[in-house]
Amino acid sequence: MTKQENSSLSNIYTLDGKVPLAKAVPFGLQHVLAMFVANIAPIMIVAGACGLSAQDVAQLIQTAMIVAGIGTLIQLFAVWKIGSRLPIVMGISFTFVSVFCYVGPQYGYEALIGAIIVGGIIEGLLGFFAKYWRRIISPIVAASVVTAIGFSLLSVGANSFAGGVGSADFGSWQNWVLGTATLISCIAFNLLAKGHYKQLSVLFGLVVGYLIALGLGMVDFSALEGVKVLSVPRLLPYKPVFHLNAIISVVMIFLVSATETIGDTSALTATVLHRETTDEEISGSLACDGFVSALSALFGCLPITSFSQNIGLLAMTKVINRRTIATGAGIMILAGIFPAVGSILATLPEAVLGGCTIMMFGNIVISGVQMIGDCGFTHRNITIAALSLSIGIGFTQVPEMFVIFPDLIRTIFAENCVAVVFLVAIFLNLVMPKETK
């Protein structure tokens, strides 16, 4: 390797600088592989809960890859004030899964689309004024929310593990075999793989589970019928319905998602760039989250946000070059333009997905606990975390206790522990006195 080639390759460890395309693609592909399963999992879970067809799921997966690629490019290079200009990889958010699985079946998928459009615009506008209100979302509030998200998704993962809510073979021995084999494969690969390859443990488990499902005759290939070689997403495939209860519920989770984005952006600058996040970076990051989520809904898809696992990948590899990561965004867009990719992924049995996601959801819980530890176990932090989690998770496990409240309150809070934890943590953070040294 010449001195010039060595110099250009070293640019992968800087935000800017030219890197040869052949050298950049493997690093960009690594980011795609690290988030690929997590990007499609929320779609499959929510679509299953809302009763969408396999063809619908395939179309949504195709759209998700394109929108995630576009969102990543906007984060990397920014359009006006939208985008942080940081190496943030975007994807379909797990944060919304629990509330979508509740609101969607009740009001319909079209009501979800309408609520996402409104919620995305609100988050995007709030992003422009982030410097005025970001101080109320302290690190302990964000840590409590992330922990709650992990706990709220555990039952979602368990339902997928058993075959999916409403499936005829829910809890069958075949689903137990698929889910268990997938989970064991994920764990084994993670323990035995070296270096960067550990990031592919979920993908490996998915492949193993899928092969077993093929052997058991549990793969439905109906989604592949009539698939085009090349296609682009349609604008407004679902006519938005603007239902007040659905909008309020979803907007609340958009605020929760905003706290995660602030945490991801702050973690990136602290661990990789070794400095504090600027107001402009927080503002651009949130604006991208919101407005691109609204764009996603116009094409019938779910909200997108920053991916925490890719922040972890950046911290481990130190590969932060924006042009390098942009190759990953390009790969996502190309994958979305070819519908066969989405159609094949739509044949994935839900039990296989459950075997992968139960591990990912557990990691979210641990990430939240680690964030709480990083905040410090002061009396104030312990009180905020303990009380918000105990009220949020405890009360929503007994939704009948909300019977005295109006329907609107019950819809938002009765079974949505993340929203309750978010509100309680914000309230405690505002009213509890600051601790003196």
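Position 1 is the first residue of the sequence; numbering continues from there.
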> Rounded to the nearest 0.5 Å, what's the gap from CG on L428 to CG on L423? Could you check?
11.0 Å
> Is any side-chain heavy atom of V256 less than 4.5 Å from a side-chain heavy atom of F96?
no
> Between the main-chain N or O of L21 and the side-chain N or O of R323, is there a donor-acceptor pair closer than 3.5 Å?
no
> May I ask you to decide if A78's main-chain N or O and R85's side chain share a donor-acceptor pair within less than 3.5 Å?
no
> More than 12 foreign heavy atoms under 6.0 Å from CZ of F242: is that the case here?
yes
> State, with a plain yes or no, whether a side-chain heavy atom of Y210 is found less than 4.5 Å away from one of V219.
yes
> List the atom of M90, the atom of C288, and the distance in Å for their closest heavy-atom pair.
CE-SG, 4.2 Å
> CG of L211 to CG of L206: how many Å apart, nearest 0.5 Å?
9.5 Å
> Does some side-chain heavy atom of C417 sit less than 4.5 Å from a side-chain heavy atom of V420?
no
> Please evaluate residues F254 and S293 with respect to the criterion side-chain contact (heavy atoms from CB on, under 4.5 Å), reporting the C-alpha separation (whole Å), side-chain torsions for both, the decisive distance (0.1 Å), and the verdict.
CA-CA 10 Å; F254 263 104; S293 290; 3.9 Å; yes
> Just by distance, do the side chain of Y109 and the backbone of G300 share a donor-acceptor pair under 3.5 Å?
yes
> Are any of the side-chain heavy atoms of I82 and F128 separated by less than 4.5 Å?
yes
> Distance-only, no hydrogens or angles: does the S160 side chain make a donor-acceptor pair with backbone N or O of A351 under 3.5 Å?
no
> If you measure from CG on L286 to OG1 on T261, what distance do you get to the nearest 0.5 Å?
6.0 Å
> Return the minimal non-hydrogen interatomic distance between I117 and P240, and the atom names on each side.
CD1-CG, 3.9 Å
> Within this structure, what is the CG-OG1 distance for the pair L178 and T182, rounded to the nearest 0.5 Å?
6.0 Å
> Any side-chain heavy atom of P139 sitting closer than 4.5 Å to one from D374?
no
> Is the side chain of N381 donor-acceptor paired with the backbone N or O of I140 at a distance under 3.5 Å, no angle test?
no
> Measure from the side-chain N and O atoms of S296 to the backbone N and O of L302, and report whether any donor-acceptor pair falls under 3.5 Å.
yes
> Please report the shortest heavy-atom distance between A49 and P105, naming the atom on each side.
O-CG, 3.3 Å
> Is any side-chain heavy atom of I45 closer than 4.5 Å to a side-chain heavy atom of L353?
yes
> For a side chain to side chain donor-acceptor pair (under 3.5 Å) with D264, tell me which candidate from S84, S285, S306 qualifies.
S306
> After noting the C-alpha distance and the side-chain angles of I333 and L73, does the key distance pass the side-chain contact (heavy atoms from CB on, under 4.5 Å) rule?
CA-CA 10 Å; I333 294 173; L73 290 175; 4.0 Å; yes
> Check whether any side-chain N or O of T327 sits under 3.5 Å from a backbone N or O of T324 as a donor-acceptor pair, and report yes or no.
yes
> With a sphere of 6.0 Å drawn around CZ of F291, does it hold more than 12 non-hydrogen atoms of other residues, nucleotides or ligands?
yes
> Could you tell me whether a side-chain N or O of S283 sits under 3.5 Å from a main-chain N or O of D279, the two making a donor and an acceptor?
no
> Between atom CD1 of I337 and atom CD1 of I66, what is the distance when rounded to the nearest 0.5 Å?
5.5 Å
> What distance separates F395 CZ from E400 CD, expressed to the nearest 0.5 Å?
13.5 Å
> May I ask you to decide if Y13's main-chain N or O and N321's side chain share a donor-acceptor pair within less than 3.5 Å?
no
> Show the nearest heavy-atom pair for residues Q75 and I88, with the distance to one decimal.
CB-O, 3.8 Å
> Of the non-hydrogen atoms in S138 and N429, which two are nearest, and what is the gap between them?
OG-OD1, 3.1 Å
> For side-chain contact (heavy atoms from CB on, under 4.5 Å), just list the numbers for I113 and F299, CA-CA rounded to whole Å, side-chain angles, deciding distance to a tenth of an Å, and then say yes or no.
CA-CA 9 Å; I113 295 301; F299 289 94; over 6 Å; no
> Between T63 and P233, which heavy-atom pair has the shortest distance, and what is it?
OG1-CB, 3.5 Å
> N159 side chain to S155 main-chain N or O, any donor-acceptor pair under 3.5 Å?
yes
> Can S93 and S257 be counted as having a side-chain donor-acceptor contact under 3.5 angstrom?
no
> Measure the shortest side-chain to side-chain distance between L298 and L236 over non-hydrogen atoms and say whether it is less than 4.5 angstrom.
yes
> Using the side chain to side chain contact (heavy atoms under 4.5 Å, CB included) rule, pick out the option among T180, D169, V352 that qualifies with N175.
D169
> With side-chain contact (heavy atoms from CB on, under 4.5 Å) as the criterion, how do V207 and F189 come out once you've worked through the C-alpha distance, each side chain's angles and the decisive distance to 0.1 Å?
CA-CA 12 Å; V207 171; F189 191 90; over 6 Å; no
> Counting heavy atoms not belonging to F77, are there more than 12 under 6.0 Å from its CZ?
yes
> Do D56 and Y238 come close enough that some side-chain heavy atom pair is under 4.5 Å?
yes
